[in-house]
Number of protein chains: 2
Amino acid sequence: MDDTKRSRLEAAGWRVGDAADFLELTTEEAAFIELKLALADYLRDMRVQHGWTQTHVARVLGSSQSRVAKMESADASVSVDLLVKSLLTLGASRKQVGQVIARAA
Amino acid sequence: MDDTKRSRLEAAGWRVGDAADFLELTTEEAAFIELKLALADYLRDMRVQHGWTQTHVARVLGSSQSRVAKMESADASVSVDLLVKSLLTLGASRKQVGQVIARAA
DNA sequence: CGATAGTATGTCAGATACGACATACCTGTC
DNA sequence: GACAGGTATGTCGTATCTGACATACTATCG
């Protein structure tokens with residue numbers, strides 16, 4: 001596990017100390033978190049590519065800038081539900097969402 | 001929209017009266033529900049193919065038989081989060097989950 | 001250095017999802 | 001018909017998620 005991924009996981013609200021601590025995460029838990037990070041990254045990419053601000057996206061989604069920021073950082077308080085709904089609302093297709101999820105870590 | 005899909009949507013807790021009512025669903029909402037139904041179907045397929053009962057699956061997931069039933073029927077009280085976590089716990093890969101989501105309706 | 005625009009972080013009340021339980025509904029088998 | 005194994009439906013207390021707000025950080029520009 002490289003430092004970048006570790007810090008992303010920590011940012012996502014998951015306690016990641018040393019290697020032993022990390023091993024407390026089961027395979028499914030790790031897969032779920034990476035899946036969430038992939039969706040979060042895709043959301044940010046979509047926004048940036050369209051030249052939108054978090055505030056603008058928040059307005060479109062009927063949410064707030066702070067929640068959009070948390071979505072993009074895959075904060076622990078953000079569900080996959082919210083990420084998927086948001087992506088679809090912003091114009092991503094179901095197929096695109098599936099591909100983002102399927103893409104290998 | 002055929003009757004089968006209509007009844008599945010209704011079963012999922014979504015009000016679906018006549019065609020006009022249905023049109024109140026936005027494209028994203030419809031996509032989200034179909035995505036959820038696809039995951040639910042896949043969960044049931046997985047369970048049946050392994051010859052498991054809902055009670056057995058519930059034990060594995062640390063949940064209850066009733067919730068597994070609701071998951072398989074894509075009940076409105078079930079989140080995509082729960083469906084995805086459950087599929088991963090039952091042994092599906094992130095790639096498989098993505099493919100289920102990406103598959104066209 | 002302000003000042004402005006954008007993003008990140010912390011907190012909270014209200015909303016939603018959760019596991020659990022009870023109970024109803026099948027569909028066989030005897 | 002009665003029982004049994006499996007699945008569906010309804011409800012409830014609690015836990016988690018959500019939008020909102022305040023506020024802090026980080027540029028970039030003049």
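Only this structure's heavy atoms are used, side chains among them; waters, hydrogens and symmetry mates stay out. Chain identifiers are assigned alphabetically (A, B, ...) following the order of the sequence lines, protein sequences preceding nucleic acid strands; residue numbering begins at 1 within each chain.
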Inset, instruction - Using a 4.5 Å cut-off on heavy atoms from C-beta on, say whether the side chain of Phe32(B) contacts that of Glu28(B). - result: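 SC-SC contact between Glu28(B) and Phe32(B) ruled out.
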Inset, instruction - Could I get the full list of salt bridge (Lys or Arg N to Asp or Glu O under 4.0 Å) partners for Arg44(A), not counting sequence neighbours? - result: Glu72(A)
In chain order, what residues pass the side chain to side chain contact (heavy atoms under 4.5 Å, CB included) check against [X], with sequence neighbours excluded?
X: Val100(A); value: Ala38(A), Leu39(A), Tyr42(A)
X: Val57(A); value: Arg47(A), Trp52(A), Leu61(A), Val68(A), Leu90(A)
X: Ala69(B); value: Gln54(B), Gln65(B)
X: Thr27(A); value: none

Legend entry - Within one Ile-Leu-Val-Met-Phe-Trp-Tyr cluster: Leu43(A) and Val60(A), side-chain cutoff 4.5 Å: yes
Legend entry - Non-neighbouring partners of Thr89(B) that pass side chain to side chain donor-acceptor pair (under 3.5 Å), sequence neighbours left out: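 Thr89(B) satisfies side chain to side chain donor-acceptor pair (under 3.5 Å) with no other residue.
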Legend entry - With Ser66(B) via side chain to side chain donor-acceptor pair (under 3.5 Å) - residues at least two apart: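 Result, side chain to side chain donor-acceptor pair (under 3.5 Å) vs Ser66(B): Ser64(B).
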Legend entry - Under 4.0 Å protein heavy-atom contact, by nucleotide of nucleotides 13-29 of chain C - B base, S sugar-phosphate only: ----SBBBB--------
Legend entry - Angle by which the axis turns from one end of the helix from dC1(C)-dG30(D) to dC30(C)-dG1(D) to the other, five pairs per end, to 10 degrees: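 Roughly 30° between the end axes, to the nearest 10°.
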Inset, instruction - Starting from P on dA8(C), measure out to CD on Glu72(A) and report it in whole angstrom. - result: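 My rounded result for the distance is 6 Å.
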Distance check, rounded to the nearest 0.5 Å: [X] atom [atom1] versus [Y] atom [atom2]?
X: Ser77(A); Y: Lys70(A); atom1: OG; atom2: NZ; answer: 5.5 Å
X: Thr26(B); Y: Glu29(B); atom1: OG1; atom2: CD; answer: 3.5 Å
X: Gln96(B); Y: Ile101(B); atom1: CD; atom2: CD1; answer: 12.5 Å

Report each atom pair, protein N/O against N/O of nucleotides 26-30 of chain D, whose distance is under 3.5 angstrom.
none

Inset, instruction - Kindly state which residues belonging to residues 46-60 of chain A come within less than 4.0 angstrom of DNA chain D, counting heavy atoms of the residue only, listed by number. - result: none
